[in-house]
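All values derive from a computational prediction rather than experimental measurement. Quick note on labels: first sequence line is chain A, next is B, and so on, each numbered from 1.
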Amino acid sequence: MSENKSAQNPVNLRLPDSSVRTFDGPVTGTTLASDIGPGLLKAALAIRVNGEVWDLSREIDADSDVSIITKRDTDEALDILRHDCAHIMAEAVQELFPGTQVTIGPNITDGFFYDFARDKPFTEDDLAVIEARMHEIVKRDEPIEREVWDRNTAIDHFKSIGEHYKAEIIGSIPAGEAVTVYRQGSWKDLCRGPHLPSTGKLGDAFKLMKVAGAYWRGDSKNEMLTRIYGTCWTDKKELKAYLHRLEEAEKRDHRKLGREMDLFHFQEEAQGSVFWHPQGYKVWLELEKYIRGRLGDDDYREIKTPQLLDSKLWEQSGHWSKFRENMFVVPDEVPSIDDDTPILSGDAKLMALKPMNCPAHVQVFKQGIKSYRDLPIRYAEFGCCHRNEAHGALHGLMRVRQMTQDDGHVFCREDQVTEESVAFCDLLASVYSDLGFPNFKVLLATRPDVRAGSDEVWDKAEKALEMALKARGIEFDYAPGEGAFYGPKLEFHLSDAIGRTWQCGTLQSDFVLPERLDATYIAQDGSKQRPVMLHRAILGTLERFIGIMIEHYAGRMPLWLAPTQAVITPITSDADAYATKVHAALEAAGLRADLDLRNEKINYKVREHSHAKVPAILVVGMREADNGQVSVRRLGSKDQTVLDLDDAIAALVAEGTPPNGEERSRETQANS
RNA sequence: GCCGCAGUGGCUCAGGGGUAGAGCGCGCCAUUGGUAAUGGUGAGGUCGGGAGUUCGAAUCUCCCCUGUGGCACCA
């Protein structure tokens with residue numbers, strides 16, 4: 001931190017427009033900005049130096065490419081603003097609640113959080129107070145200064161002021177890295193930076209959102225800290241837009257829509273399991289029918305396997321040792337009926353509700369002797385599984401304890417893994433497209449540290465999946481070490497209408513389970529061989545996927561999936577007879593239609609059915625009755641179209657016919 | 001499982017130590033209205049469960065359950 005700039009070499013700074021400014025010696029971003037102009041100085045937040053973002057106060061002592069960062073550089077600006085906002089929050093918290101320790105406070109999507117250690121956790125009521133203090137700190141416009149400290153000095157300092165977590169963090173900073181401390185007014189925090197030149201630059205476009213518990217270093221064995229989440233934007237308008245987005249997302253909440261549309265419910269006697277109502281189950285059945293059709297086209301054969309299986313099988317498959325804590329275990333015993341409560345002896349054989357279908361599918365495969373000529377064998381099952389998920393994990397349809405997977409297992413030879421994987425990727429892409437999710441990302445999760453099987457086998461397995469992706473030109477990223485213990489997997493993450501991603505599909509190649517459960521086939525040379533098992537699912541679970549679709553479509557399902565596809569309603573009771581006839585005609589055409597003959601005004605009925613998100617309202621009055629027509633009003637539109645009844649039915653039937661991926665498979669064939 | 005918050009009629013929510021309120025919905029009556037709420041009227045709850053404090057608790061305290069926002073978990 002030398003103040004002596006006289007006898008230094010000149011420093012040339014090249015700006016984004018390629019112009020170069022020369023200074024006598026080391027120069028700060030602040031000096032550069034003021035040299036360019038007062039407007040820029042005022043707007044400057046930080047400076048990019050040879051690609052790295054620096055504080056404005058940091059001296060640049062060598063020729064560099066630089067650019068001043070202002071709020072116009074949205075991404076960089078937000079990174080800095082949000083992190084400063086976290087610091088200002090921490091300062092406010094420590095001013096208001098002395099004795100609170102700070103830990104870490106990183107940026108996250110749309111905002112930041114900071115974890116504090118405090119005997120009494122913060123509550124939502126504290127947020128307004130903290131926020132008010134933050135605005136004060138911004139008003140104080142405290143200068144923020146970067147200091148490089150000696151590691152041990154820093155540790156001693158933070159220990160001496162009772163910041164034991166910070167001291168621990170410094171201890172874990174790699175040896176070669178500088179320990180930087182930022183001074184913000186009289187408040188200090190260990191931080192990598194960069195930061196704004198002063199708190200006043202933050203502005204007022206921030207808001208504290210919620211409090212939550214979080215484990216120190218993300219480990220549930222550690223103590224729980226108290227976390228405060230906040231959001232921060234370049235200006236008030238952006239903040240408002242963000243809050244509006246949250247409100248819009250809330251409106252799509254499948255739990256809310258599920259209640260409003262009478263699709264399903266939960267109750268405490270079956271926590272985590274869904275009661276599907278008639279309307280919701282129509283969606284389920286339609287989706288299941290569609291998937292069943294697609295699987296049939298790809299030569300899967302549907303099976304159905306038991307719910308309750310002996311623990312012996314789970315021991316053999318490996319689930320008993322690894323996944324037992326998530327399994328519902330049932331003693332195979334008749335409980336005593338002498339008392340009010342069932343008395344169990346405790347020494348009965350144990351059964352378990354299946355958490356997965358794969359061991360059962362192996363049992364089906366193992367019936368009879370299989371030849372290499374029989375492979376691949378593709379089994380599908382809408383397998384109902386139970387998993388004892390932690391109470392805190394349950395979340396509407398998205399995380400349930402009883403779930404139905406669109407599960408399937410392909411038993412094949414090693415040399416068939418790639419082509420089977422290609423076929424699966426094609427099927428999955430086509431299904432997602434049919435269901436309204438054309439965009440998805442793929443991750444290839446490779447071998448974890450703890451794994452079964454030799455490296456040679458893993459090489460083969462990973463390669464096979466990779467080749468499948470490349471064969472179809474599917475872009476993907478690696479997820480190193482994220483594979484299952486028995487084999488690598490592909491994860492398919494789809495994007496919904498409001499930009500969120502959901503992992504639904506999966507393809508896992510498994511060389512281990514066939515061995516554990518002793519599945520074999522007879523090879524061409526007469527030897528016994530192990531088949532490779534491909535675990536695959538497209539939707540994942542029906543429950544969760546329907547939840548995702550409800551939110552994706554905001555309840556406005558495409559016509560073929562809508563529980564009620566059309567409502568027919570007369571304007572006056574004079575048209576009741578005709579409306580009844582129209583209704584019968586729609587039902588005869590296979591459409592799911594309701595007839596609303598209630599004595600209500602048409603406005604009222606249109607409003608109600610629009611709220612119920614019925615895709616088509618067919619209004620008939622005497623005009624339509626006399627001409628054999630219907631007035632069609634589509635959901636989301638204020639317009640009406642008067643059509644001949646037959647034409648209207650034909651259009652609805654066409655739109656209500658489930659897609660079958662034909663378009664896509666034709667394209668695929670044309671391209672290959 | 002851990003931390004915070006919540007739990008009032010079918011739904012959304014107000015109230016808050018002296019024996020429960022609103023809107024919507026529902027029932028009934030009138031209204032036959034041309035595309036997002038016709039008018040009137042009536043019936044619904046003992047305030048998640050248990051214990052305690054109190055003359056008295058839905059309202060305060062404690063415990064439990066469930067939900068919810070996160071954390072951990074998600075084979």
Which residue in the set A:Arg544, A:Arg255, A:Arg500 passes salt bridge (charged side-chain N to carboxylate O under 4.0 Å, His left out) when paired with A:Glu551? A:Arg500
Across all strands shown, which nucleotide pairs with [N] by Watson-Crick or G-U wobble geometry, both distances under 3.5 Å?
N     : value
B:A57 : none
B:G17 : none
B:U31 : none
B:G44 : none
B:A72 : none
B:C11 : B:G23
B:A37 : none
B:C5  : B:G67

Distance check, [atom1] atoms only: [N] and [M], in whole angstrom units.
N     : M     : atom1 : answer
B:U54 : B:G18 : C1'   : 12 Å
B:G44 : B:U32 : C1'   : 30 Å
B:G49 : B:G7  : C1'   : 11 Å
B:G39 : B:G25 : P     : 10 Å
B:U61 : B:C24 : C1'   : 36 Å
B:U53 : B:C63 : C1'   : 15 Å
B:A20 : B:A58 : C1'   : 8 Å
B:G23 : B:A43 : P     : 14 Å

Whole-Å gap separating [atom2] ([N]) and [atom1] ([X]):
X        : N     : atom1 : atom2 : answer
A:Glu260 : B:A36 : CD    : C1'   : 15 Å
A:Lys605 : B:U31 : NZ    : C1'   : 13 Å
A:His609 : B:A37 : NE2   : P     : 15 Å
A:Met261 : B:G10 : CE    : P     : 23 Å
A:Arg227 : B:C3  : CZ    : C1'   : 11 Å
A:Trp216 : B:C2  : CH2   : C1'   : 17 Å
A:Arg598 : B:U32 : CZ    : P     : 18 Å
A:Gln267 : B:U68 : CD    : C1'   : 18 Å

Taking atom types as they are modelled, is there a donor-acceptor pair under 3.5 Å from the base of [N] to the side chain of [X]?
X        : N     : result
A:Asn599 : B:G33 : yes
A:Arg544 : B:C74 : no
A:Glu624 : B:G34 : yes

Is any side-chain heavy atom of A:Arg598 closer than 4.5 Å to one of A:Tyr604? yes
Kindly indicate whether the side chain of A:Met557, heavy atoms from C-beta on, has any atom under 4.5 Å from the side chain of A:Ile550. yes
Base, sugar-phosphate or nothing for [X]? Non-hydrogen atoms, less than 4.0 Å.
X        : answer
A:Asp219 : nothing
A:Ile602 : sugar-phosphate
A:Met622 : base
A:Thr123 : sugar-phosphate
A:Phe113 : nothing
A:Arg259 : sugar-phosphate
A:Gly318 : nothing

Taking the minimum atom-to-atom distance to the side chain of [X], which one of [options] wins?
X        : options             : value
A:Arg607 : B:U38, B:G34, B:A37 : B:A37
A:Glu268 : B:U66, B:G4, B:A36  : B:U66
A:Pro121 : B:C3, B:C71, B:C26  : B:C3
A:His611 : B:G69, B:A36, B:A37 : B:A36
A:Ser220 : B:C73, B:A72, B:G34 : B:A72
A:Ala212 : B:U38, B:G4, B:G70  : B:G70
A:Gln271 : B:C3, B:G67, B:C5   : B:G67
A:Ser610 : B:C73, B:C71, B:A36 : B:A36

Donor + acceptor pair across side chains of A:Asn326, A:Asn388 (<3.5 Å):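 The answer is no; no qualifying pair exists.
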Distance-only donor-acceptor check, side chains A:Gln279 and A:Thr564, under 3.5 Å: yes
Between [X] and [N], is there a contact of a side-chain N or O with OP1 or OP2 at under 4.0 Å?
X        : N     : value
A:His395 : B:G67 : no
A:Lys210 : B:G69 : no
A:Asn603 : B:A37 : no
A:Tyr604 : B:G25 : yes
A:Tyr215 : B:G70 : no

Taking NZ in A:Lys441 as the centre, count heavy atoms belonging to other residues, nucleotides or ligands within less than 6.0 Å. Is the count above 12?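 Incorrect, the count does not exceed 12.
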Around atom CD of A:Glu325, are there more than 12 heavy atoms from other residues, nucleotides or ligands closer than 6.0 Å? no
Of A:Glu124 and A:Arg255, whose closest RNA chain B nucleotide lies nearer the 5' terminus?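 Closer to the 5' end of RNA chain B: A:Glu124.
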Mapping A:Pro355 and A:Glu600 to their closest nucleotides on RNA chain B, which lands nearer the 5' end?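 Result of the comparison: A:Glu600.
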Which way is the base of B:G49 turned, syn or anti, if we draw the line at 90° from 0?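 You should classify B:G49 as anti.
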Give the ring-plane orientation class for A:Phe424 versus A:Phe492, where under 30° counts as parallel, over 60° as perpendicular and anything between as tilted. perpendicular
Are A:Phe112 and A:Tyr229 close enough that their ring centres sit under 6.0 Å apart? no
Is there a side chain to side chain contact (heavy atoms under 4.5 Å, CB included) between A:Thr226 and A:Asp115? Walk through the geometry before answering. CA-CA 6 Å; A:Thr226 169; A:Asp115 285 349; over 6 Å; no
